[in-house]
Amino acid sequence: MAQAAFEELVEDFEFLDEWEDRYRLVIEEGKSMAPLDAALKVPATKVEGCASQVWLHVTPVDGVMQFEGESDAMIVNGLIAVLRKLYCGAPLSEVVAIDARAEMGRLGLNDHLSAQRSNGLRAMIERIRDVAAKSA
């Protein structure tokens with residue numbers, strides 16, 4: 001099940017008829033995130049399989065998923081923000097059960113991302129799920 005913050009985002013998306021407006025909202029979500037500490041932009045946090053530079057610092061705390069991240073691409077930074085709304089705060093045992101593709105579909109993202117962006121999104125989701133599975 002998606003987190004409450006993600007459900008709020010879904011509601012915001014429902015008010016937007018045009019994909020360009022939804023795209024702008026994703027970018028704004030990314031701009032609202034604090035930048036990732038430069039010391040965390042290391043090979044261990046870099047996500048392979050993304051067309052742009054992406055770093056995810058996944059740090060489960062007390063059995064709950066937490067992570068921060070950053071990308072050099074505005075839309076990808078927004079996707080990181082969306083994933084944070086989807087996963088952060090979820091019990092680690094539930095993270096692997098979240099159908100991220102279906103949840104992103106509720107936002108219309110599956111139909112409007114390039115193949116490269118979709119592959120990058122999939123790589124970010126895999127990283128989050130892998131850490132959750134190993135930490136649960």
Side-chain angles (χ1 to χ4, degrees):
M1 184 180 124
Q3 299 304 299
F6 186 81
E7 294 301 331
E8 289 175 20
L9 186 63
V10 170
E11 288 178 18
D12 290 343
F13 266 65
E14 288 173 354
F15 286 107
L16 303 173
D17 294 326
E18 300 296 323
W19 169 244
E20 292 80 15
D21 294 331
R22 292 177 177 207
Y23 193 80
R24 266 192 292 281
L25 182 56
V26 170
I27 290 171
E28 287 303 314
E29 289 292 328
K31 288 180 179 178
S32 71
M33 287 190 315
L36 187 64
D37 186 318
L40 297 174
K41 293 180 183 178
V42 295
T45 61
K46 189 162 190 222
V47 179
E48 299 299 326
C50 297
S52 55
Q53 300 274 10
V54 178
W55 298 271
L56 289 182
H57 182 242
V58 185
T59 53
V61 178
D62 297 328
V64 174
M65 175 54 66
Q66 296 296 328
F67 71 91
E68 55 190 329
E70 187 175 331
S71 173
D72 60 352
M74 288 190 305
I75 187 64
V76 178
N77 225 29
L79 293 174
I80 293 168
V82 170
L83 289 176
R84 290 186 71 206
K85 288 181 182 281
L86 180 62
Y87 286 113
C88 285
L92 295 174
S93 59
E94 294 177 14
V95 167
V96 294
I98 294 173
D99 185 346
R101 181 162 172 75
E103 296 296 338
M104 293 299 180
R106 293 172 62 199
L107 301 176
L109 292 177
N110 294 342
D111 300 329
H112 294 284
L113 294 177
S114 68
Q116 284 184 323
R117 294 279 187 247
S118 293
N119 288 339
L121 181 61
R122 196 168 20 263
M124 290 187 283
I125 292 166
E126 286 176 19
R127 168 77 59 91
I128 293 163
R129 292 171 57 111
D130 287 348
V131 171
K134 290 175 184 170
S135 302

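All heavy atoms count here, side chains included; hydrogens, waters and symmetry mates do not. Nothing here was measured: the structure is a model prediction, and the numbers come from that model. Counting from 1, the numbers follow the sequence of the chain as shown.
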Distance-minimising heavy-atom pair for F6 and V82:
CE1-CG1, 3.8 Å

Side chain proximity check, I125 to R101, heavy atoms < 4.5 angstrom:
no

Heavy-atom nearest pair, S71 first then I80, reads N-CD1, 3.9 Å

Please say yes or no: joined through hydrophobic side-chain contacts below 4.5 Å, possibly via intermediate residues, are I27 and L86 part of one cluster?
yes

I'd like to check L109 versus L79 (side-chain heavy atoms, cut-off strictly below 4.5 Å). Are they in contact?
yes

Using every non-hydrogen atom in the two residues, find where W55 and L40 come nearest and quote the distance to one decimal.
CD1-O, 4.4 Å

Shared ILVMFWY cluster between M104 and V10, side chains joined below 4.5 angstrom?
yes

Please check if atom CE in M74 has more than 12 non-hydrogen atoms from other residues, nucleotides or ligands closer than 6.0 Å.
no

Sequence neighbours excluded, the answer for side chain to side chain contact (heavy atoms under 4.5 Å, CB included) partners of E48 is K46

Shortest non-hydrogen contact between S52 and D72, atoms and distance
CB-OD1, 3.2 Å

Residues E7, R106: salt bridge by 4.0 Å N-O rule:
yes

Do I98 and V64 sit in the same hydrophobic cluster, where Ile, Leu, Val, Met, Phe, Trp and Tyr count as joined when their side-chain heavy atoms come under 4.5 Å apart?
no

Starting at CD of Q3, measure out to CD of E94 and round the result to the nearest 0.5 Å.
7.5 Å

List the atom of D21, the atom of L16, and the distance in Å for their closest heavy-atom pair.
O-CD1, 3.8 Å

K41 pairs by side chain to side chain donor-acceptor pair (under 3.5 Å) with which of H57, E70, Q53?
E70

Can you establish whether the number of heavy atoms outside D62 located under 6.0 Å from its atom CG is more than 12?
no

So, taking the atom named CD in E28 and the one named CG in D12, what distance separates them when rounded to the nearest 0.5 Å?
12.5 Å

State, yes or no, whether a side-chain contact exists between H112 and R22 at a heavy-atom distance under 4.5 Å.
no

Where M65 and A132 come nearest, the two heavy atoms and their spacing:
CE-CB, 3.7 Å

Listing request: all side chain to side chain donor-acceptor pair (under 3.5 Å) pairs with a residue in residues 115-130, at least two apart in sequence or in separate chains.
N119-R122

When hydrophobic residues are tied together by side-chain contacts of less than 4.5 Å, even through go-betweens, does L121 share a cluster with L25?
yes

For residues W19 and L9: do they belong to one hydrophobic cluster (side chain heavy atoms under 4.5 Å, members Ile, Leu, Val, Met, Phe, Trp, Tyr)?
yes

Does a side-chain heavy-atom distance below 4.5 Å link R84 with F67?
yes

